[in-house]
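Below, chain A is the first sequence line, B the second, and so on; all start at residue 1.
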Amino acid sequence: DTGVSQDPRHKITKRGQNVTFRCDPISEHNRLYWYRQTLGQGPEFLTYFQNEAQLEKSRLLSDRFSAERPKGSFSTLEIQRTEQGDSAMYLCASRTGEKTQYFGPGTRLLVL
Amino acid sequence: DQQVKQNSPSLSVQEGRISILNCDYTNSMFDYFLWYKKYPAEGPTFLISISSIKDKNEDGRFTVFLNKSAKHLSLHIVPSQPGDSAVYFCAATRLNSGNTPLVFGKGTRLSVIA
């Protein structure tokens with residue numbers, strides 16, 4: 001039984017660089033979520049996919065952020081022109097029709 | 001504005017005793033609530049959930065209580081074990097909402113002392 005996986009687990013980048021993260025959900029899960037967690041806060045919703053369709057984006061998702069789920073399986077989250085304020089843990093979660101979301105281990109991003 | 005609040009940033013409990021973690025919410029549209037446990041450098045792990053049609057749900061050592069009129073829920077862990085030491089997040093959502101993103105509190109750090 002494989003859970004949600006995320007790659008890379010850690011990323012250090014310089015301000016202004018682009019980064020891309022990948023999420024592989026649990027195989028039968030058609031719904032996929034991205035969240036961001038900063039120090040001392042709970043995870044905050046970024047965006048949601050049902051199959052390959054991106055159905056909702058949070059106001060936290062600025063135009064420097066883009067997410068895709070091209071074949072309704074894995075998803076990528078790209079941040080362009082990174083800023084120090086983008087430093088956070090990026091979490092992916094997936095679910096089926098039932099309501100519980102299962103999270104991956106996260107990608108910790110540090111922007112220098 | 002915080003729709004889900006965990007007002008205690010930390011809690012220390014002796015091994016074998018009961019741990020009670022509290023959570024308040026402001027949005028009356030929330031009708032499904034979850035608790036997650038998180039270790040450092042890992043993603044949140046689902047513990048237990050409750051629908052608003054219930055006032056209690058139990059799973060082993062974990063029990064969640066919901067008081068809808070007070071917009072309050074609590075997680076009870078009995079007996080507490082050192083391995084329970086982690087950050088616990090309360091989350092809420094709407095069952096009938098199409099995308100059901102979770103809204104999280106800021107978490108409570110539980111330390112179980114042997």
Could you tell me which portion of A:Y35 (side chain, backbone, both or neither) has an atom closer than 4.5 angstrom to a non-hydrogen atom of chain B? side chain

Chain B contact via A:E44 - which portion, at a heavy-atom distance below 4.5 Å: neither

Is chain A contacted by the side chain of [X], its backbone, both, or neither, given a heavy-atom distance below 4.5 Å?
X     : answer
B:A91 : neither
B:Y39 : neither
B:L34 : side chain

Full working for side-chain contact (heavy atoms from CB on, under 4.5 Å) between A:M89 and A:T107: CA-CA 6 Å; A:M89 171 80 89; A:T107 295; 5.7 Å; no

Taking B:R61 for its side chain and B:V78 for its backbone only, find out whether a donor-acceptor pair lies under 3.5 Å. no

Distance check, rounded to the nearest 0.5 Å: B:R109 atom CZ versus B:L21 atom CG? 12.5 Å

Is the positively charged end of B:R94 above the ring of B:F30, judged by distance under 6.0 angstrom from the centroid and angle within 45° of the axis? no

Shortest non-hydrogen contact from A:R36 to A:A88? CG-CB, 3.5 Å

Among B:S51, B:P44, B:C90, which residue has the highest count of heavy-atom pairs closer than 4.5 Å to chain A? B:P44

